[in-house]
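The structure appears below as structure tokens.
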Amino acid sequence: MTLIYIDLKRYFSFDLKKCMHSGQIFGWKNFGKKWYGFLNKVPVCVSQEENKLIVVSNKSITEDDIIYFFNLDEDVDKINKKIDVNDFMEKAIELYCGIRVLRQDPVETIIEFVCAQNKNIPAIQKTITEISKRYGEKAEMNGITFYGKPNIRKIAKSKLSEILETGIGYRAKYLLSTAEKISEDSTYVDKIRSMEYFSALNAMTSGKMKLYGVGLKVADCILLYGFYKLEAFPIDVWILRAYHYALKGFYDENLLSVNGFRKTKLSRKEYLLMGDVARKVFGKYAGYAQLYIYLASRSLFGGSKKF
DNA sequence: CAGGTC
DNA sequence: CCTGG
């Protein structure tokens, strides 16, 4: 049994709950103040007390693993200053300070976000749990059972009808195809990792390395949360709703409206253009800006769904 | 109708 | 389009 206390006073403001509710991670189970999930392939229980991060595990895990996963040593102060470009961003940073872009496993992130498209968060969590239950590993701590580490090869060898039992719906064929493709090419992940952001985005969404079911938005999520490519700026419906606040004055607002109404869908060209605007304004930390905007948008437009 | 994609 | 909150 491993018990690790991390003194958070050594790092810039960190908030576990905000990280776990930031829409970048779906496989973890929350009970009270404790979070159960797999960190670097090891089942752990994580909780936060003011200035302490507490990690418990039955298996071997190091302090460095935890610092790396939660990106505790990231210079967020510098990032916040860079992306604080107007009142909206200032407020969002103030409200959601403590967030980090986590370093999740690339393959697990691919599975997560292929499943996540066009679903609400409770449904995503349910599907991810079912996938891990069937294709991953079971763990138990404090009497809590949880699942993680979905195995891509197991999924690739599975039948479509079996995948459908997870409640994944029409995304089943995407997941199967993507699982097959990544399983066939053992260098796929390393290739994406070694590419710069824009090449990686193009590779995943077009040409020989394209993953079926992975469009621009899902690819951006994978690159940001699974590969830590911070230039990625995933534009989902929440970002779209808040974009004209967060980036007011930095782009031609006519691009985002039709007959006076704001667009709710973007063409490939528009998506790339809006991402480029964000990258121009927020620099290489566009991904961090996206997290703040996402959280602010949900609290502004999400009604009771905010936390 | 939901954090899209074919 | 599947499926479920």
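Each chain gets a letter, A, B and so on, in the order the sequences are listed, and its residues count up from 1. Just so it is clear, the model here is predicted, and its values are computed rather than measured.
Taking atom NZ of residue Lys173(A) and atom C1' of nucleotide dG4(B), one finds them 12 Å apart after rounding to whole Å. Phe301(A) places its CZ atom 18 Å from the P atom of dC1(B), with the value rounded to the nearest Å. Asn118(A) places its CG atom 15 Å from the P atom of dG5(C), with the value rounded to the nearest Å. With rounding to whole Å, Lys217(A) atom NZ is found 11 Å from dA2(B) atom C1'. Distance, Leu176(A) CG to dC6(B) C1': 16 Å, rounded to whole Å. The CD1-P distance, from Ile110(A) to dG3(B), rounds to 22 Å in whole Å. Taking atom CG of residue Leu160(A) and atom P of nucleotide dC2(C), one finds them 10 Å apart after rounding to whole Å. Separating the CD atom of Glu270(A) from the P atom of dT5(B) is a distance of 15 Å, rounded to the nearest angstrom.
Within the 4.0 angstrom heavy-atom criterion, only backbone atoms of the sugar-phosphate kind lie near Tyr212(A); the bases stay farther away. Counting any heavy atom pair closer than 4.0 Å across all strands shown, Lys265(A) reaches a base atom.
Each of dC2(C), dC6(B), dG3(B) was ranked by its minimum atom distance to the side chain of Asn120(A); first place goes to dG3(B). Of the candidates dT5(B), dG5(C), dA2(B), dG5(C) carries the atom nearest the Lys126(A) side chain, counting heavy atoms from C-beta on. Ranking dC2(C), dC6(B), dG3(B) by closeness to the Tyr170(A) side chain, first place goes to dC2(C). Nearest nucleotide to the side chain of Ile121(A), out of dG3(B), dG5(C), dC6(B): dG3(B). In the set dA2(B), dG3(B), dT3(C), the nucleotide with an atom closest to the side chain of Tyr294(A) is dG3(B). Nearest nucleotide to the side chain of Phe26(A), out of dA2(B), dG3(B), dT5(B): dG3(B).
Of the two residues near DNA chain C, Ile168(A) and Pro122(A), the one whose nearest nucleotide lies more 5' is Ile168(A). Comparing Gly23(A) and Gly213(A), the nucleotide of DNA chain B nearest to each residue sits closer to the 5' end for Gly23(A). The nearest heavy atom of DNA chain B to Thr205(A) and to Cys221(A) marks one nucleotide each, and the one closer to the 5' end goes with Cys221(A).
At a cut-off of 3.5 angstrom, the base of dC2(C) holds at least one donor-acceptor pair with the side chain of Arg171(A).
Taking the six-membered ring for Trp, Phe38(A) and Tyr147(A) have ring centres at least 6.0 Å apart. If you look at Phe282(A) and Tyr288(A), their ring centroids are not closer than 6.0 Å.
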Using the rule given for side-chain contact (heavy atoms from CB on, under 4.5 Å), can you reason through Lys217(A) versus Gln117(A), listing the C-alpha separation, both sets of side-chain angles and the distance that settles it, and then say yes or no? CA-CA 9 Å; Lys217(A) 188 269 172 185; Gln117(A) 61 184 63; over 6 Å; no
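A close approach under 4.0 Å does occur between a side-chain nitrogen or oxygen of Arg241(A) and OP1 or OP2 of dA2(B). Taking only side-chain nitrogens and oxygens, Lys210(A) never comes nearer than 4.0 Å to OP1 or OP2 of dT5(B).
Under the Watson-Crick or G-U wobble criterion, with both distances below 3.5 Å, dG4(C) is paired with dC1(B).
Annotation: cation-pi geometry satisfied between Arg103(A) and Tyr68(A) (NZ/CZ under 6.0 angstrom from ring centroid, within 45° of ring axis).
Using a 4.5 Å cut-off between side-chain heavy atoms of Ile, Leu, Val, Met, Phe, Trp and Tyr, with links allowed through other members, Phe26(A) and Phe227(A) fall into the same hydrophobic cluster.
Side-chain polar atoms of Ser22(A) and Tyr294(A) form no donor-acceptor pair below 3.5 angstrom.
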